[in-house]
Protein chains: 2
Amino acid sequence: MSHNTGMSAELPIKNTRQRHAIEAALAGARRPLLPAEILASAQQALPELGLATVYRNLKSLLAAGAIQGVELPGAALRYELAHQPHHHHFQCRRCQQVVDIPGCPPGIATMAPPGFLVDGHALTLYGLCAACSSVA
Amino acid sequence: MSHNTGMSAELPIKNTRQRHAIEAALAGARRPLLPAEILASAQQALPELGLATVYRNLKSLLAAGAIQGVELPGAALRYELAHQPHHHHFQCRRCQQVVDIPGCPPGIATMAPPGFLVDGHALTLYGLCAACSSVA
DNA sequence: GTTGTTGCAAATCGTTTGCAATGAT
DNA sequence: ATCATTGCAAACGATTTGCAACAAC
């Protein structure tokens, strides 16, 4: 009597205008966005959009694996689309700007003690960006 | 007319009981602590201690370089003593426990684009700890 | 028609701050 | 005596949630 295709018990997710606007905002940015930035950006297309809805959608998009969170010290969580080529982030200590960094140092998975299973990692570099280091 | 020894304009920092209790709490833990955990731990010696004082001291200890913050996704900022041997953190996706990991992958400083000056980094590994991976 | 989703406002959580009292120097 | 520090409570910013109206399916 089930209409389920698979066997997982996921809730059906509806395709709303607001979800689309939120995804579009993220897709249009070349950097991780704050919830408030997503709201502002998506409100250009959907003025009625509320902040709570942004948070609720970010949460479900995160759970669905469509987006991922980017943590930066002392700042609120930012979000970016998932499935981008593997990269990390660099934050300038002077101008606070965040830049994507492609690639990954080798040997990360072998850092953990024996018996540990590493399935992911987060890496952020700090320092001065090209612009700021030439000024300083 | 100045009584300063050097030329920096740092505020004199007084040696209070509460500061000592906070440092003792951090020194006694083998893992990064949450401000509320620090409060609870330090209150055993100093019941009058308030949470605001914990925060204020963490801030100045941080500025003084005596402690450092540990960021973990979805959780509040934790603190640990600085000047420990260089290490990173591993968080188990199953039991959420945080473990110190000694060492560092090579080549981190060379990841940034030319012109960038890297002076620090944060790395956290995720996966299953030894206990959880043997159960799963 | 059913049920997930929305918008708003109130609630919650972590952290900061104003202020008068206190304690370290 | 001076001045940083304290405790408390109020203020604050970010995120979550209750609820009635609403829109996807």
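Convention: sequence-line order gives letters A, B, ...; per-chain numbering from 1.
- Counting only residues at least two apart or on different chains, no salt bridge (charged side-chain N to carboxylate O under 4.0 Å, His left out) pair has a member in residues 42-51 of chain B.
- With sequence neighbours excluded, no residue forms a salt bridge (Lys or Arg N to Asp or Glu O under 4.0 Å) with B:Arg17.
- The distance between atom CD of B:Glu71 and atom P of C:dG14, rounded to the nearest whole Å, is 15 Å.
- Interface residues of residues 31-49 of chain B facing DNA chain D, ordered by number: B:Glu48, B:Leu49; criterion, heavy-atom separation under 4.0 Å.
- For B:Asn15, there are no side chain to side chain donor-acceptor pair (under 3.5 Å) partners, not counting sequence neighbours.
- Between B:Asn15 atom CG and D:dT6 atom P the separation is 11 Å, expressed in whole Å.
- Considering only residues two or more places apart in sequence or on other chains, B:Glu23 meets the salt bridge (Lys or Arg N to Asp or Glu O under 4.0 Å) condition with none of them.
- Among pairs with a residue in residues 126-136 of chain A, none fulfils salt bridge (charged side-chain N to carboxylate O under 4.0 Å, His left out), at least two apart in sequence or across chains.
- For A:Glu80, the salt bridge (Lys or Arg N to Asp or Glu O under 4.0 Å) test picks out no residue, with sequence neighbours left out.
- Here A:Thr16 does not reach the OP1 or OP2 of C:dG4: none of its side-chain N or O atoms lies under 4.0 Å away.
- If you take CD of B:Gln18 and P of C:dA24, they are 8 Å apart, rounded to a whole angstrom.
- Protein atom CG of A:Leu61 is 15 Å distant from nucleotide atom C1' of C:dG4, rounded to whole Å.
- In this structure, B:Lys14 places its NZ atom 5 Å from C1' of C:dA24, rounding to the nearest Å.
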Nucleotide by nucleotide, 5' to 3', does protein get under 4.0 Å of the base (B), only the sugar-phosphate (S), or neither (-) in nucleotides 17-22 of chain D, counting heavy atoms? BB----
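- Residues meeting the side chain to side chain donor-acceptor pair (under 3.5 Å) test with A:Arg78, sequence neighbours left out: none.
- The side chain of B:Thr53 places an N or O atom within less than 4.0 Å of a non-bridging phosphate oxygen (OP1 or OP2) of D:dG7.
- Rounding to whole angstrom units, CG of residue A:Leu58 and P of C:dT6 are separated by 11 Å.
- For A:Tyr126 and A:Phe90, the ring centers sit 6.0 Å or farther from each other.
- The side chain to side chain donor-acceptor pair (under 3.5 Å) search around B:Glu71 returns none, not counting sequence neighbours.
- Per the geometry, CZ belonging to A:Arg17 stands 15 Å off C1' belonging to D:dC25, to the nearest Å.
- Rounded to an integer number of Å, the gap from B:Leu51 CG to D:dA9 P is 13 Å.
- Closest to the A:Ala76 side chain, of the nucleotides D:dT5, D:dT15, C:dG7, is D:dT15.
- Among the heavy atoms of the strands lying under 4.0 Å from A:Leu77 are primed sugar atoms or P, OP1, OP2 only; no base atom is included.
- Taking five base pairs at each end of the helix from C:dG1-D:dC25 to C:dT25-D:dA1 and finding the rotation axis that steps the C1' atoms of four pairs onto the next four gives two axes whose angle is 40°, to the nearest 10°.
- Sorted by first and then second residue, the salt bridge (charged side-chain N to carboxylate O under 4.0 Å, His left out) pairs involving residues 116-125 of chain B (not counting sequence neighbours) are A:Arg93-B:Asp119.
- The backbone N or O of A:Ile38 lies less than 3.5 Å from no partner atom in the side chain of A:Ser41, so there is not a single donor-acceptor pair.
- Between the side chains of A:Arg19 and A:Thr53, no donor-acceptor pair of N or O atoms lies under 3.5 Å.
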